[in-house]
There are 2 protein chains.
Amino acid sequence: MEEILTQSEENYIKAIFSLYQQTNAPVSTNDLAERMETKASSVTDMVRRLSEKSLLLYTKYKGCELTKEGERTALKTIRKHRLWETFLVEKLKFGWDEVHDIAEQLEHIRSVKLTDQLDAFLDFPKFDPHGDAIPDKNGEIVQREKSCKLSDLELESEAIVIGVADGSPSFLRYLDKHQITLGTKLVIKERFEFDDSMEVELNDTILSLSSAASSKITVQLV
Amino acid sequence: MEEILTQSEENYIKAIFSLYQQTNAPVSTNDLAERMETKASSVTDMVRRLSEKSLLLYTKYKGCELTKEGERTALKTIRKHRLWETFLVEKLKFGWDEVHDIAEQLEHIRSVKLTDQLDAFLDFPKFDPHGDAIPDKNGEIVQREKSCKLSDLELESEAIVIGVADGSPSFLRYLDKHQITLGTKLVIKERFEFDDSMEVELNDTILSLSSAASSKITVQLV
DNA sequence: TGTATTTTTTAGTCTTATCTAAAAATATTT
DNA sequence: AAATATTTTTAGATAAGACTAAAAAATACA
């Protein structure tokens, strides 16, 4: 009884998965509407449909959360999205700020063999170009140890960039411009209380980062 | 005024393009319905819509044919389809009988940059895994000299397989089984009038081919 | 506790792409 | 040319996914 889902349905499932992860609580109709850039009434409709397909549990006025099957569906879509992003950057030489929209389309291609062969072709990558974990064939995700936000680090600590909490093109291009990418090594040289900005050393130069920027960069202490 | 088309619209355009090529005459509603596996009434609707978008010329009861712009659209879709098929076979190790359905999905991905980067990644192939020409960025197609059907060859002529006129999985698997693929060299050893079957030599073995098979294999004399 | 505000749902409409059934136009045959 | 058959179009219906406007439920707050 492998349900065939429309692209729209898959997008809703993905959004619910991600909103649920943020709060660990049922996803409200309004929040989902905002994320999907649609109206609450459309969401109610869709959520009812998906609940009929038993991909999620829905209680009127109480929001919804995915069932085990819904979660599996979400992970499959996320897997495809992140594999395609990796393909676009690694093989087709796209910038990491250019791949999201194309991957949004590619993630809906239906073929298990395609996904798995692509995975193999890319040599079973564990992380995508933004540092997000790629679920494997069985939906398993590699858990990373002790990652934190750059903005949380103490003076003089050294860290390596392992991800970004915001994949928007403008932020990614900002990072590019300042030569920050996955794997970049940073040292915190200064912190300013009054605006939570900081100065970091990278590639032997000093770079000043606003709190907005440093809080969206995920790092690992070295 | 680059129109954004739905997948369904793109599929109709492609079908009209290919039916037109076969007969060089306006495509009738019924023929199109059969090709699209849908009803004539649906076709009438769609053809009216596409004619409003000036992608084709439509005269009631007289069938339709693509405009220059419709043709450009068809060639773009065909280009994507054949590039993806090439990618699937060359890079992801699919069999040539497995790629059609997946390429039918991939051909609708909208991104000029994706198509062009893929083209470059594949090293600007001129033909796809079935021997069909791949339109370039400008819709130009390499014309091949003096190709003919295997069934048309005289006794003792030597030829190389350059394409298939039928991309169905069952036919392609039949060819695979008999070690016939693009580039295979054949010599006609025997022809039987009564059923138009023939015997050909390839890889130092003799293979008997029905008329149905030999008429669907495109070859070039050596 | 009762009123006001916010959130969510319901009801009804729209568009795209499909369908069936019936009507109209064209083609074929006698 | 009339009758018959085929092809094509029109008319009306349906389903998915969206919308607006209005009703209902939940929440906040005085």
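The analysis underlying the following values was restricted to heavy atoms, covering all of them including side chains, and did not include hydrogens, waters or symmetry mates.
Here B/T44 lies in heavy-atom contact (under 4.0 Å) with a base. Within the nucleic acid shown, B/S8 comes within 4.0 Å of sugar-phosphate atoms alone, with no base atom in reach, counting heavy atoms only.
Annotation: the span from A/E3 atom CD to A/E52 atom CD amounts to 10.5 Å, rounded to 0.5 Å.
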_side chain to side chain contact (heavy atoms under 4.5 Å, CB included), that's the test. Do B/K126 and B/I134 meet it? Break it down for me._
CA-CA 5 Å; B/K126 295 278 168 284; B/I134 302 175; over 6 Å; no
*Checking side chain to side chain contact (heavy atoms under 4.5 Å, CB included) for the pair A/Q105/B/H108: CA distance, chi angles, key distance, verdict?*
CA-CA 9 Å; A/Q105 298 180 61; B/H108 300 297; over 6 Å; no
Show which side-chain atoms of residues 37-44 of chain A pair as donor or acceptor with protein atoms under 3.5 Å away, not counting sequence neighbours.
{"from": "A/T44", "atom 1": "OG1", "to": "A/A40", "atom 2": "O", "distance (Å)": "3.1"}

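Taking atom NZ on B/K39 and atom C1' on D/dT14, their separation rounds to 14 Å, with Å as the unit. To the nearest angstrom, C1' of D/dA26 lies 14 Å from NZ of A/K60. Summarising the geometry, the separation between CD1 on A/I4 and P on D/dA15 is reported as 18 Å, rounded to the nearest angstrom. The separation between A/E10 atom CD and D/dA16 atom P is 16 Å, rounded to whole Å. Atom pair B/D45:CG and D/dA11:P shows a separation of 11 Å (rounding to whole Å applied).
Ion pairing of B/K53 with B/E9 is present here, as a side-chain N (NZ or NE/NH1/NH2) and a carboxylate O approach within less than 4.0 Å.
With distances taken from any side-chain atom of A/Y61 to the nucleotides D/dT20, D/dA24, D/dT10, the minimum falls on D/dA24.
When each of A/D119, A/D116, A/D136 is checked for a side-chain contact (heavy atoms from CB on, under 4.5 Å) with A/F124, only A/D119 meets the rule.
Using a 4.0 Å cutoff on non-hydrogen atoms, the parts of residues 24-38 of chain A near DNA chain D are A/T38, ordered by number.
A donor-acceptor distance shorter than 3.5 angstrom exists from the side chain of A/Q117 to the backbone of B/L92, with no hydrogens or angles considered.
From the 5' end on, the contacts that DNA chain C makes with chain A at under 4.0 Å to a non-hydrogen atom open and close at C/dT7 to C/dT10.
In terms of phosphate contacts, A/S42 brings no side-chain nitrogen or oxygen within less than 4.0 Å of OP1 or OP2 of D/dG17.
Classification of the B/F87-A/W84 ring pair by plane angle, with boundaries at 30° and 60°, yields tilted. Relative ring orientation between A/H130 and A/W96 is described as parallel, the plane-to-plane angle staying below 30° on a 0-90° scale split at 30° and 60°.
A residue-by-residue look at A/S41 and B/V43 shows that B/V43 has its nearest nucleotide of DNA chain D further toward the 5' end.
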